[in-house]
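Worksheet: the structure to be examined is printed underneath.
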Amino acid sequence: MPVHNADIAAKLDEIADLLEIEDANPFRIRAYRNAARTLRDLSREVTSLLAQGEDLTELPGIGKDLAGKIEDIVKTGTTPMLDEHRRAVPPTLVELLKIPGLGPKRVKTLSRTLGIRTLKDLHHAARTGRISALTGFGEKLERQILHELEARAGAEGRFKLATAAQYAEALVAYLKASPGVGRVVAAGSYRRARETIGDLDILATARADSPVMDRFVSYDEVEAVLAHGGTKATVRLACKLQVDLRVVGEESYGAALQYFTGSKAHNIVLRQLAQQRGLKVNEYGVFKEERRVAGQTEESVYAAVGLPWIPPELRENRGEFDAAREGRLPQLVQLGDLRGDLHAHTNATDGRNNLTEMARTARARGFEYLAICDHSQRLAMTHGLDAKRLLAQLDEIDRLNETKPGITLLKGIEVDILEDGRLDLPDGVLGRLDLVVAAVHSHFNLSRERQTERILRAMDRPHFTILAHPSGRLIQEREPYDVDLPRLIRQARERQCFLEVNAHPERLDLADAYCRMAKEEGVLVSINSDAHSVLDFENLRFGVGQARRGWLEPTDVLNSRPLSALRPLLQRTM
DNA sequence: GCCGTTTTCGGCCCGACTGTTTTCAGTCG
């Protein structure tokens, strides 16, 4: 049974949860949480680090003790300390912590006084009014618990970035129309472009007499008002997205934006840096004693601790502070850097629009080129192209290009990688294309070895250009298939081929950590829309967000190159 | 439990809101 980093991280988080219920030293608890996070963000598997005899204490936040426990977990799936705490505390209590309003103290009280162990126990106790009868609990909390448990049945915990964007943009526009309001911006993980959003943090500047708070809680999509103070309010929208609004004065805008953008781990380090300079950072500004020394802009906040402004997508405490200090922050790729798109479909297969419509829309975006990459024959349900239909499409592309449509259409295919690593069309046909985008669409459940071998073999084919959606995951719907991505990345470097960041909101595949790894290995990444209609080019911004989270600069991105520079790179693979 | 050019002990980010507290604990982000 392979133990992945996420499995180890889950165990460490469980220890932290149990320690919380036991009222342990909060800093000790934080140490477990930090270590869990370090492992989740690691681009290499701990098991392979250990196999190579590397020292885990080199990792940030992992000392001798935690290194030992991690080794235990790798070897046995658990560690004696976890087992001990599971005996001391009913492990099902950990579930209760996830109910808003219930923290370790209340969970402990519920367990001690009412014998509540599980969510089911909790539901029963809430329904029969036994919770509100306890001191320290009230009727309101009991109702909140009941509602949460009942809403939970169908609700998703997190929202995909693109889904959250729809709610966020509408709400921001609505708030901007309030009298006395200055700026309104969505901060939090949304601004950091995380692939999923737990809740939405909106920041506004406003005059003291502005009705923006009241306007917020009376937004017509608000289903429940969870908190409503003078500077902070929390609501739940009908779609179940929780939204916080914080209002600060204009002079605090930068400090508040910095603060509410996070991440938490990033902000902790920033405050430590401030402390070392005798400064205090909070959401109202940077203070020396009682005197505010910065805070109107984010730049001023970072400048106060001697750093340049750090882009939100990097604020995860994954090395951005060192990079900032040493003047080597990346100049991150922007949407406007993309010169074309190397993966789009037409109605020849499962797309909605024809070649001309796709070309026209891409040109209107200012693209210099667009690669038409319809599915291959094996994907029968998409009416995938066989050799004959593909060759017919190539003629059509030639004809369209001859009309000087203001954009160059490149000839491509999204060819299936078959179970044995062969491609779904013969080399003779693939050789006539400008590029070959290859993808796994079947046999997701192969063993890690077989899946990796399968893709490596496909990459060895002479015309292989880009590995599409390399992990195959669908966010919140399908786990990635089990594959050794670091090995694929190294192979791409050897083979001088490329990996895709698929910008489709359900994919965002490669994930950020692997984008960064590709960059470190010198493998170029192509940010592709995988458009199935003219509307889908809009998704490219989410792909760019993911690439930025992976520290990618324009030079790291294949399709930031003009056509003249792109062609030789494509030909290398053909 | 981690960490260190103020180092091996003593710190570790900080404030708002809620409910039930009659002066503040618990939770959250």
Side-chain angles (χ1 to χ4, degrees), chain A residues 12 15-16 19-21 23-38 56-70 79 81 85 96-110 131-145 148 187-190 192 197-203 213 217 224-235 242-248 252 255-256 258-287 301 305 317:
Chain A
L12 297 179
I15 293 175
L19 287 173
E20 273 203 274
I21 296 169
D23 202 16
N25 178 347
F27 299 106
R28 188 176 169 217
I29 296 166
R30 185 190 295 172
Y32 282 94
R33 300 231 184 266
N34 285 342
R37 192 173 168 283
T38 296
L56 296 184
T57 63
E58 298 286 308
L59 298 172
I62 294 177
K64 228 175 125 188
D65 181 275
L66 273 165
K69 291 194 172 97
I70 291 169
T79 174
M81 184 257 200
H85 287 277
L96 306 188
L97 287 176
K98 302 197 168 63
I99 303 294
L102 293 188
K105 299 283 189 325
R106 286 177 179 153
V107 164
K108 196 154 115 181
T109 304
L110 289 172
I131 289 175
S132 55
L134 295 174
T135 51
F137 294 74
E139 284 186 14
K140 204 156 177 185
L141 180 62
E142 186 172 67
R143 276 201 303 277
Q144 186 187 324
I145 291 170
E148 178 64 28
S189 50
Y190 179 77
R192 303 200 314 277
I197 305 296
D199 59 17
L200 194 60
D201 300 296
I202 296 181
L203 173 69
M213 244 346 148
V217 298
V225 178
L226 307 177
H228 184 183
T231 63
K232 175 182 170 176
T234 303
V235 302
Q242 189 165 311
V243 187
D244 284 350
L245 175 65
R246 297 290 296 246
V247 177
V248 299
S252 297
Q258 195 289 321
Y259 181 87
F260 293 114
T261 296
S263 65
K264 195 172 180 175
H266 176 92
N267 286 357
I268 287 173
V269 175
L270 184 79
R271 286 174 185 212
Q272 285 167 342
L273 292 176
Q275 264 192 345
Q276 288 163 14
R277 294 174 167 239
L279 300 170
K280 186 180 75 171
V281 178
N282 61 27
E283 56 263 57
Y284 300 110
V286 181
F287 295 87
V301 174
V305 296
N317 192 25

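Just so it is clear, the structure is predicted and the values come from calculations on it, not from any experiment. Sequence lines set the chain letters: A, B, ... in the order given, protein chains first and strands last, and positions in each chain run from 1.
Checking A/K140 against A/A67, the closest nucleotide of DNA chain B that is more toward the 5' end is the one next to A/A67. Of the two residues near DNA chain B, A/D201 and A/A233, the one whose nearest nucleotide lies more 5' is A/A233.
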(message) Run A/I21 and A/L96 through side chain to side chain contact (heavy atoms under 4.5 Å, CB included) and show every step you take.
(response) CA-CA 10 Å; A/I21 296 169; A/L96 306 188; over 6 Å; no
(message) Let's go through A/Y259 and A/V281 carefully: what are the C-alpha distance in whole Å and the side-chain angles of both, what is the deciding distance for side chain to side chain contact (heavy atoms under 4.5 Å, CB included) to 0.1 Å, and is it a yes or a no?
(response) CA-CA 9 Å; A/Y259 181 87; A/V281 178; over 6 Å; no
(request) Evaluate the side chain to side chain contact (heavy atoms under 4.5 Å, CB included) criterion for residues A/I131 and A/R106: first the C-alpha distance (whole Å), next the side-chain angles of each, then the deciding distance (0.1 Å), finally the verdict. (result) CA-CA 10 Å; A/I131 289 175; A/R106 286 177 179 153; over 6 Å; no
(request) For A/D201 and A/Y190, run side chain to side chain contact (heavy atoms under 4.5 Å, CB included): C-alpha distance rounded to whole Å, both residues' side-chain angles, the deciding distance at 0.1 Å, then the answer. (result) CA-CA 8 Å; A/D201 300 296; A/Y190 179 77; over 6 Å; no
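Counting any heavy atom pair closer than 4.0 Å across all strands shown, A/T231 reaches sugar-phosphate atoms only and no base atom. At the heavy-atom level, A/K108 lies nowhere under 4.0 Å from the strands shown. Residue A/L270 is out of contact with every strand shown, counting any heavy-atom pair closer than 4.0 Å. A/G230 comes within contact range of the sugar-phosphate backbone alone, with a heavy-atom separation under 4.0 Å but no base atom that close.
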(request) Heavy atoms under 4.0 Å is the rule here; annotate nucleotides 8-15 of chain B 5' to 3' with B where the base is hit, S where only the sugar-phosphate is, and - elsewhere. (result) ----BBBS
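Counting to the nearest Å, the C1' atom of B/dC3 and the CG atom of A/L66 are 13 Å from each other. To the nearest angstrom, P of B/dC28 lies 17 Å from CZ of A/F260. The nearest whole Å value for the distance from the CZ atom in A/R143 to the P atom in B/dT18 is 15 Å. Rounded to a whole Å, the CD atom of A/E139 is 18 Å from the P atom of B/dT18. Here the P atom of nucleotide B/dG29 and the CD1 atom of A/I197 are 14 Å apart, to the nearest Å. The interatomic distance linking A/H228 (NE2) with B/dC28 (C1') rounds to 18 Å, in whole Å. Summarising the geometry, the separation between CG on A/D244 and P on B/dT18 is reported as 11 Å, rounded to the nearest angstrom. One can place CG of A/N34 at 14 Å from P of B/dG1, the figure rounded to the nearest angstrom.
Applying the side chain to side chain contact (heavy atoms under 4.5 Å, CB included) criterion to A/Q144, with sequence neighbours excluded, gives A/P100, A/L141. With sequence neighbours excluded, no residue forms a salt bridge (charged side-chain N to carboxylate O under 4.0 Å, His left out) with A/E142. Every residue two or more places apart in sequence or in another chain was checked for a side chain to side chain contact (heavy atoms under 4.5 Å, CB included) with A/Q275, and none qualifies. Residues satisfying the salt bridge (charged side-chain N to carboxylate O under 4.0 Å, His left out) test with A/K140, not counting sequence neighbours, are none. Residues satisfying the salt bridge (charged side-chain N to carboxylate O under 4.0 Å, His left out) test with A/R192, not counting sequence neighbours, are A/E316.
Across B/dT7 and B/dG11, the matching C1' atoms stand 12 Å from one another, rounded to whole Å. A gap of 14 Å separates the P atoms of B/dC13 and B/dG4, to the nearest Å. Rounded to the nearest Å, the gap between the C1' atom of B/dT23 and that of B/dT18 is 15 Å. Separation of the C1' atoms belonging to B/dT8 and B/dC2 is 12 Å when rounded to the nearest angstrom. Nucleotides B/dT21 and B/dG10 have their C1' atoms positioned 33 Å apart, rounded to a whole Å.
Residues in residues 273-284 of chain A take part in these salt bridge (Lys or Arg N to Asp or Glu O under 4.0 Å) pairs, two or more places apart or across chains: A/R246-A/E283.
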Distance-only donor-acceptor pairs under 3.5 Å for side chains of residues 226-234 of chain A, two or more places apart:
| residue | atom | partner | partner atom | Å |
| --- | --- | --- | --- | --- |
| A/H228 | NE2 | A/D214 | OD1 | 3.3 |
| A/T234 | OG1 | A/D244 | OD1 | 2.8 |

Would you tabulate the pairs of protein nitrogen or oxygen atoms and nucleotide nitrogen or oxygen atoms of nucleotides 24-27 of chain B closer than 3.5 angstrom?
| residue | atom | partner | partner atom | Å |
| --- | --- | --- | --- | --- |
| B/dT27 | OP1 | A/G103 | N | 2.8 |
| B/dT27 | OP1 | A/G103 | O | 3.1 |
| B/dT27 | OP1 | A/R106 | N | 2.9 |
| B/dT27 | OP2 | A/K105 | N | 3.3 |
| B/dT27 | O5' | A/G103 | N | 3.4 |

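In this entry B/dT18 has B/dA25 as its Watson-Crick or G-U wobble partner, both defining distances falling under 3.5 Å.
Nucleotide B/dT7 is shown with a syn base, its glycosidic torsion being within 90° of 0.
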